[in-house]
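Worksheet: one structure, shown below.
Residue numbers start at 1 and run along the sequence shown.
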Amino acid sequence: MLNYGPTGALSEYNYNGGVFHGVHYGDFHGDSKALFELIDKEEEFLLKSPERKRILFDLYYTDLTQEVLDYLMKHLLVISSRIYKIAFAAEPKELRKLKKAIRKSQAVPLGCCMFGTDQNEDKSWLVSEKF
């Protein structure tokens with residue numbers, strides 16, 4: 001039976017011989033209220049899992065305002081114990097803002113993160129043993 005997370009993504013997405021958990025925070029544009037509601041549901045879902053996961057955050061077409069970045073940093077801090085590796089997919093400008101926010105907040109170690117515009121590269125990195 002397939003298991004889906006609150007964002008509608010497969011919880012165990014099989015890719016090139018490995019698995020990762022997909023999180024779709026994309027397409028919210030400026031609707032931060034709806035995004036925050038979904039983040040809260042996803043956080044609850046991830047915290048129920050005892051194991052550390054490889055996670056792909058799809059943030060395409062979501063405006064990473066300071067308010068959204070602050071909320072995401074809190075979210076990452078809360079779920080950090082469940083993160084083995086994490087990849088972020090978004091537009092280049094948004095990725096720069098996100099990387100700066102993560103570096104500043106230290107929500108997760110940068111060594112377990114990948115920031116990319118190509119989700120296939122992100123997926124390949126997630127399922128590999130490379131850091």
Which donor-acceptor pairs under 3.5 Å do the side chains of residues 77-89 make with protein atoms, sequence neighbours left out?
residue, atom, partner, partner atom, Å
Ser80, OG, Leu77, O, 2.9
Arg82, NE, Ser49, O, 2.5
Arg82, NH2, Leu47, O, 2.9
Lys85, NZ, Trp125, O, 2.5
Lys85, NZ, Ser128, O, 2.8
Lys85, NZ, Lys130, O, 2.7

Q: Assign the ring pair Phe20 / Tyr15 to parallel, tilted or perpendicular, where the plane angle (0 to 90°) is split at 30° and 60°.
A: perpendicular
Q: Quick one: which residue pairs count as a salt bridge (charged side-chain N to carboxylate O under 4.0 Å, His left out) with a foot in residues 52-72, not counting sequence neighbours?
A: Glu12-Lys53, Glu51-Lys53, Arg54-Glu129
(Q) Hydrophobic cluster membership, with links at side-chain heavy-atom distances under 4.5 Å among I/L/V/M/F/W/Y: are Leu56 and Leu76 in one? (A) no
**Q.** For His24, all residues meeting ring pair (Phe, Tyr, Trp, His ring centres under 6.0 Å), sequence neighbours excluded
**A.** none
Q. Between Ala9 and Gly22, which heavy-atom pair has the shortest distance, and what is it?
A. CB-O, 3.1 Å
Q) Going hydrophobic residue to hydrophobic residue with side-chain gaps under 4.5 angstrom, can you get from Val19 over to Phe45? A) no
Q.
Could you check whether atom CD of Gln119 has more than 12 heavy atoms from other residues, nucleotides or ligands sitting under 6.0 Å from it?
A. yes
Q: Establish whether Val23 and Phe28 are linked, either directly or via other cluster members, by ILVMFWY side-chain heavy-atom contacts under 4.5 Å.
A: yes
Q: Looking only at non-hydrogen atoms, find the nearest pair between Cys113 and Val108 and report the distance.
A: SG-CG2, 3.5 Å
Q | Shared hydrophobic cluster for Ile102 and Tyr60 (ILVMFWY, side-chain gaps under 4.5 Å) | A | no
Q) Can you list the steps and then say if Arg103 with Leu110 is a side chain to side chain contact (heavy atoms under 4.5 Å, CB included)? A) CA-CA 7 Å; Arg103 184 179 293 123; Leu110 284 176; 3.8 Å; yes
Q: Please name all residues satisfying side chain to side chain donor-acceptor pair (under 3.5 Å) with Asn16, sequence neighbours left out, ordered by chain then number.
A: none
Q) Between Leu59 and Leu72, what is the shortest heavy-atom contact and its length? A) CD2-CD1, 4.3 Å
**Q.** Set of side chain to side chain contact (heavy atoms under 4.5 Å, CB included) partners for Asp118, sequence neighbours left out
**A.** Asn120, Glu121
Q) With Tyr61, which residues qualify under side chain to side chain donor-acceptor pair (under 3.5 Å), at least two apart? A) none
Q) At what distance, to the nearest 0.5 angstrom, does CZ of Phe36 lie from NZ of Lys74? A) 8.5 Å
Q | Audit row: Tyr25, Val68, side chain to side chain contact (heavy atoms under 4.5 Å, CB included) steps and yes/no | A | CA-CA 11 Å; Tyr25 291 152; Val68 170; over 6 Å; no
Q: Search all heavy atoms of Glu42 against all heavy atoms of Gly5 and return the closest pair with its distance.
A: OE1-C, 4.2 Å
Q.
What verdict does the salt bridge (charged side-chain N to carboxylate O under 4.0 Å, His left out) test give for Glu37 and Lys41, after you've listed the backbone C-alpha separation in whole Å, the side-chain angles of each residue and the deciding distance to 0.1 Å?
A. CA-CA 7 Å; Glu37 289 173 6; Lys41 290 175 186 172; 5.6 Å; no
Q. Atom CD1 in Ile55, atom CG in Leu126: separation rounded to 0.5 Å?
A. 9.0 Å
Q. Of the non-hydrogen atoms in Leu95 and Ala90, which two are nearest, and what is the gap between them?
A. CD1-O, 3.4 Å
Q. Shortest non-hydrogen contact from Glu94 to Thr62?
A. OE1-O, 3.9 Å
